[in-house]
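Below, read A as the first sequence line, B as the second, and so on, with proteins coming before strands; counting in each chain starts at 1.
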Amino acid sequence: MFQQSSYTEQLTFFQKLRSFDFILVLCVLILGLVSNLSMFSTDGGEFLYHTKSHLIRFVVFFILMLFLSFFSLRFWHSTAYLFYIVVLGFLIWASLYGVTASGSQRWINLYFINLQPSELMKIAIIVCFARFFHREQITSVSSFKNIIVSLAILVMPIVLVVSQPDLGTSILIAASGLIVLWLAGLNIRYFVYSGLILLVSFPFVISFLKPYQKLRILSFFNPDRDPLGAGYQIIQSKIAVGSGGLLGKGFLQGTQSYLEFLPEKHTDFIFTLFSEEQGFVGSVFLLIIYGILIYRIIKIGSISRSYFGRLFCYGFGSAIFIYIAVNMSMVLGLLPIVGSPLPIMSYGGSSMLATMIGLSIVMSTKIYHKQIIN
Amino acid sequence: MEHTVFSDGDSNVRKFNTINRRVFILSIAKGVIFTGILARLFTLQISDSKKYLTLSDKNRLREWRLPPVRGEFKDYFNNTIAGNTEVYQLHVIPEQVENFKNLMVRLKNILPLSNKQFLKIIKKKNQQKPWETLIISENLTWDQFSKVNFYLHELSGAKPVLSVARSYPFKDNYTHVLGYVAQASENDLLNNENIKNKHVPGLRVGKTGLEKSFEDELIGTNGVQRYEVNAFGKRIKQVNFQKGNKGKEIKLTLDTEVQKLCNELLADKAGSISVMDIYTGEIIAMHSSPSFDPNLFMYGISFKDWDNIRNNPNKPLINKTISGLYSPGSTIKPVVALSALENNVISPNFKVRCTGKMEMYGQTYHCWKKEGHGIVDLKSAIVQSCDTYFYEMSRRLGVDRLKVTASRFGLGNKVFNNLYNEEKGGLFPSTNWKKTNLGQGWVLGETLITGIGQGYVQTTPLQLCLMTAQLANGGFKIYPTLISNKNQESLEKIKYKMSQKLHQEEKYDSSIVRTAEEFFKPGEKDYKKLFRNQENVKFVLDAMFASTNQWNGTSYRSRIEDKKYQYAGKTGTAQVKKITEKQRELDLDTAQIPYEDRDHAWFVAFGPYKNPRYSICVFVEHGGSGSKAAAPLAKKVIKKVIDRHEEREKIRKRNLVDI
């Protein structure tokens, strides 16, 4: 104990810079490049609105990430609850005065940016739980009080997001939260129980779904049921990916996206476009980059001496994995269509901001991996 | 476990152990899921790549078929009688128009469009996609077209287009021969696989006549434009273009000059004129009146025009030459006489006293000449067309023997082989026919009126033309045709073949032999002889010559004395209604009888007499007597045909295959 407390926390700028995880930064830069090129392709090979704003966002948020990386881990620890409460406040704000677009009230108008607080909640929930369990004894993790409190922390944002309505994001928030709970050591039987309850209540949940959501689930099981309606996205996405073949149709040559057969090609289906143009080789390359990214995040977590940092990195790394897995499974027709962006690749400022904040906490964990938080 | 007290440190270690263990489990799960996604990518992009590539191409490529360019019809002298003209059209693609309403209002004033047309266009616009071409007008006049071009700078979005459409430069001259084209109907698509395969909206196909019969040859092939389209069906760019082939050109045997003359001669009458080469069977002119301008059908005929055509009591829609069935009247007398001679029923010297009427089987049969012809022999009976003589001769001949001869010469049979859907065969009765079709026995009196071309006999004008031709060529079978072939037999060869037949045994009644011959020698023309003794044919032709060129002949007034044009003919005046005793006493002039009750006027002829080459049949519906109404027309046509003979022969020499 005393050895830990005797560790000096005063690092110079260059010491901090030296302990940067450059592989991680490189991965982010590669993803940034790929995503900007893909965005360029969605604009039909012209430097238009989507490309421009995506590039600006990437550059701004990347610099923000580097800047935030210099904040000590203790800072993140101390502001964790505040972060969560602010984002929760944003969510409430969004549900009251939010901007409505395509039938969903998700955004709040911050004048310089339309923020989607549900995206930030994906990170905030992890940070919040990381702090919550930081001080908990392993024996008391599964205590009644803790379960009630952590469920409250998890359910409040989910309810708000579901009511927007935004099923995809709420599922991802729930998944992020549950992952952290699992990592924190919550007794396995609670997961088994809730899993069983979920299974039993599945038919009831279905009955509460909106008609379009039901359609999506039905058309997932059989896309040919309505090939021009609900099944259209899945069918066209599969055609695009499949027609890419081994080497792809070439940059700016993706006919499916260029001729507008692909829906939502800027956001959820950006991987489809990339895969169509770059083929199997490109897709595998992208998967490897994401794999390295996740590996680095977990690795950083494993060297962190503080439980907060470790839990956050493990949670964040796993959450990123889930986002990627859900998004790709969705566009490849393995899961029903739910709105879920591909981290860094997809168009969308809030998602990019959340990912960058998460990454900067990871980076901070790396720099301050020896830091002990009491 | 709860009983044990752990130190902070121990608890921390356990906490770290738990998290490390659990993250390890998660990592394995991640690995599995990653592998699953990879496997999915592999199946989509490597295993099933071909399938999806096809689907993607199916998505993005679309073909547009262009209407094929129709083959043309030429007359014998290579004049285009059904061609394609350039038409000026006005297209608008609504999507490319900034303000559609403004444009339409401007166009309405410039063209100008009627309110009805205007609303029709607006309605059409609302039914189609904004990037689809909207045809404002299919056929602009040159004035309208140049006006549109003049104002084009203020008509952004309007596109003046040059297109092709069927045109009939000789308008109503060839209407019945060629038929007309109009937009393909549901039925056309169902009945003709070829049309179905080549159909594009607005495709025009043959509706009647040769246009219909030769549809498969004329139609040509579609040009194909392959476009890349986006998800909404909008054309992005043309990928390739495949030019279509024009349909086959079809050359006819018709002579426009003669055809035009026929049209003029029948201008205000109902009727038909047909002219035929008596050796080659080539139809030189074939006109039915009244006619109409088939160009009217190109862009949707106006209601008024269509009503005029449809409700005209003279039936312009019917091709009378091949589809009109009429009693032939006295025009078949040469064949009746030939039949009697061939069957040795009478000799040319057989004489009958004509008193103007004849009592037989309790009925009175009248001759056309009330006061009678006196004593007549066969020749003068043909020359003066004495009905009494033919009553007596037919009575002795019998209808069944007459039918054999008449059928041989083409009466009651279709002239063309499936060339026209609308062609009718007509009827030459026999005792057997009456029994099977009417269920009654033959009455002898019916034989008498059949002998003068009345009663059940029904023929088309072209059948009589063919009959005359086959008499005039010495009594040999010929093959009427409208289509001019490059490889023809020379006149000499045809005549040689005919002379060969002269000494051959009769075998034309054996249908088995005939079928077998056709089977082994397809396309080989067999100029069968249609007689037993050619002297009989010569006698009949001589009588026909006298009928026109002897002072007491029925068509003496229409004779031509110039040897070059001199011709032989036979008049016919067919009753359409039984004449009552009262009417007979009144003896009205044609003009005094109601139009529908007037007699049909006929005239068949061949010329020049010395060396016959052409036969003609003139028919004037309700025209009155053949000698007054039909023969004078024939005279003019024969003169024209013989005048054109030299030129025709020049072309013929070029087409010969054997010299």
Partner chain B: residue of Gly244(A), Gly279(A), Ala240(A) with the largest heavy-atom pair count (under 4.5 Å)
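Of Gly244(A), Gly279(A), Ala240(A), Gly279(A) has the most heavy-atom pairs under 4.5 Å with chain B.
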Between Leu311(A), Ile322(A), Ile324(A), which residue shows the highest count of heavy-atom pairs closer than 4.5 Å to chain B?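 Top count of heavy-atom pairs under 4.5 Å with chain B: Leu311(A).
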Do you know which of [options] has the most heavy-atom pairs under 4.5 Å to chain A?
options	value
Thr18(B), Leu38(B), Ile19(B)	Ile19(B)
Thr43(B), Val229(B), Asp57(B), Thr54(B)	Val229(B)
Lys51(B), Lys50(B), Lys15(B)	Lys15(B)
Ile25(B), Asp48(B), Leu26(B)	Leu26(B)

Using only heavy-atom distances, determine whether the side chains of [X] and [Y] contain a donor-acceptor pair under 3.5 Å.
X	Y	result
Thr255(A)	Glu228(B)	no
Glu215(B)	Asn194(B)	no
Ser318(A)	Lys30(B)	yes
Ser140(A)	Glu136(A)	yes

Relative to chain B, which segment of [X] carries a heavy atom at a distance below 4.5 Å: side chain, backbone, both, or neither?
X	value
Ile294(A)	side chain
Phe321(A)	side chain
Tyr295(A)	neither
Ser275(A)	both
Ile298(A)	side chain

Taking every non-hydrogen atom, the tightest pair across Asn222(B) and Pro68(B)
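Heavy atoms only, the tightest pair is ND2-CD, 3.5 Å.
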- Where do Leu262(A) and Gln236(A) come nearest, in terms of heavy atoms and distance?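 Closest approach of Leu262(A) to Gln236(A): CD2-O, 4.0 Å.
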If only atom types and distance count, is the side chain of Glu276(A) paired as donor or acceptor with the main-chain N or O of Ser243(A) below 3.5 Å?
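No, because the side chain of Glu276(A) does not come within donor-acceptor range (under 3.5 Å) of the backbone of Ser243(A).
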Parallel, tilted or perpendicular: which fits the ring planes of Phe312(A) and Phe308(A), with parallel below 30° and perpendicular above 60°?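 Plane angle under 30°, so parallel.
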At a 4.5 Å cut-off on heavy atoms, which part of Ile46(B) comes close to chain A: side chain, backbone, both, or neither?
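For Ile46(B), side-chain heavy atoms alone lie under 4.5 Å from chain A.
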